> 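Supplied in structure tokens, the structure appears directly below.
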Amino acid sequence: MKYKKKEEFEKANIFGMGQPNDNYAQYFIGNSFLNFLVNPKESPIFMANVTFELGCRNNWHVHHAKSGGGQILICTAGEGWYQKEEV
């Protein structure tokens, strides 16, 4: 769903916007925000909400995994495009 006002988007963004995503900024064109859903030092899995500012793009990359999936994306607000590799 496309939101016309930032306030409407923030209400729909159930996990919260978080802080500027400075540690991973090299993987984005534009501004993104990171909100950890679990403490990375205490959890065996990395779970976080990433929010993209209007026009922000994520550089193409692969999440390799030794077993199972390398990354699971769950979109909760807004709209966007994604690409996946067929194997």
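Side chains included, hydrogens not; waters and symmetry mates left out as well; all remaining heavy atoms used. For clarity, every value in this text was computed on a predicted model and none was experimentally measured.
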> Check the surroundings of atom CD in Glu8: do more than 12 heavy atoms from other residues, nucleotides or ligands lie under 6.0 Å from it?
yes
> Could you check Asn21, Asn58, Asp22 and say which one makes a side-chain hydrogen bond (donor to acceptor under 3.5 Å, both in side chains) with Ser32?
Asn21
> Please report the shortest heavy-atom distance between Ala77 and Phe9, naming the atom on each side.
CB-CE1, 3.6 Å
> Calculate, to the nearest 0.5 Å, the distance between atoms CG and CZ belonging to Leu37 and Phe15 respectively.
5.5 Å
> Is the Phe52 to Phe33 ring centre distance short of 6.0 Å?
no
> Flag yes if Phe46 and Val38 sit in one hydrophobic cluster, no otherwise; membership is Ile, Leu, Val, Met, Phe, Trp, Tyr, and two members link when side-chain heavy atoms are under 4.5 Å apart.
no
> Enter the distance from Phe36:CZ to Lys41:NZ here, rounded to the nearest 0.5 Å.
9.5 Å
> Kindly determine whether Asn35 and Thr51 satisfy side chain to side chain donor-acceptor pair (under 3.5 Å), including the steps that lead there.
CA-CA 8 Å; Asn35 188 16; Thr51 301; over 6 Å; no
> What's the spacing between Glu79 CD and Tyr3 OH if we round to 0.5 Å?
10.0 Å
> Under the side-chain contact (heavy atoms from CB on, under 4.5 Å) criterion, do Asn49 and Leu34 qualify, and how do the steps go?
CA-CA 6 Å; Asn49 181 59; Leu34 182 65; over 6 Å; no
> Side-chain heavy atoms under 4.5 angstrom apart, residues restricted to Ile, Leu, Val, Met, Phe, Trp, Tyr: same cluster for Val50 and Ile14?
no
> Working to the nearest 0.5 Å, report the span between CG of Asn13 and NZ of Lys6.
11.0 Å
